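Everything on this sheet refers to the single structure shown next.
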Amino acid sequence: MAESITKTAWWLIFTVSVAVGLFGDVAMKRAGQGQTDWWWFTAGFVAYSATSVGWFVLLQTRKLAVFGSLYPVANALGLVVLGALLFGEQLGVREYLGISLGLVALVLLAGG
């Protein structure tokens, strides 16, 4: 199966895995605000578990070092955007610098 995954399919699975993981992060943030909201906690737990399916498929075709670095960088960039949009978190110079370096890291890692 791993050999039959096209580059387009790989990136699609990667993107969906990151999006589902980001949903899980947002759900956990919502669950942790004030008293624990068990619905959001359960949604986050299920989302985190679902990303394992994507990891399983994607790690069959990429080096652990590359994918294991690519995924968290993409996730971190998504979290910065979601933090600002959904939770009103302010971005400073350090965050913008981090976003810039994260984008450079994505380009370098994705080329492998």
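The chain is numbered in sequence order, starting from 1. The structure displayed is predicted, hence computed values, not measured ones.
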Pairwise side-chain contact, [X] with [Y], heavy-atom cut-off 4.5 Å (strictly under):
X    : Y   : result
D25  : N75 : yes
I13  : V16 : no
S49  : F45 : yes
L101 : L97 : yes

Find the distance between CG (L59) and NZ (K63) and round it off to the nearest 0.5 Å.
13.5 Å

Distance in Å, L79 CG paired with K29 NZ, rounded so as to fall on 0.5 Å steps:
10.5 Å

State, to 0.1 Å, how close [X] and [Y] come at their nearest heavy-atom pair, and which atoms those are.
X    : Y    : result
L106 : L70  : CD2-CD1, 3.3 Å
V73  : A105 : CG1-CB, 4.2 Å
A9   : I5   : CB-CG2, 4.0 Å
V20  : A50  : CG1-CB, 4.1 Å
A74  : V18  : CB-CG2, 4.1 Å
A65  : S69  : O-OG, 2.8 Å

Is [Y] reachable from [X] through a run of I, L, V, M, F, W or Y residues, each pair having side-chain heavy atoms under 4.5 Å apart?
X    : Y   : answer
M28  : L86 : no
L103 : Y96 : yes
Y71  : V81 : no
Y48  : L58 : no
L64  : F56 : yes

Mind checking whether [X] and [Y] have parallel, tilted or perpendicular rings, split at 30° and 60°?
X   : Y   : result
W10 : F14 : parallel
W38 : F41 : perpendicular
W40 : F23 : tilted

Neighbour count >12 (heavy atoms, 6.0 Å) for atom CZ, F87:
yes

For F67, look at atom CZ and say whether over 12 heavy atoms of other residues, nucleotides or ligands are found less than 6.0 Å away.
yes

Polar side chain donor-acceptor pair, S17 to W55, under 3.5 angstrom
no

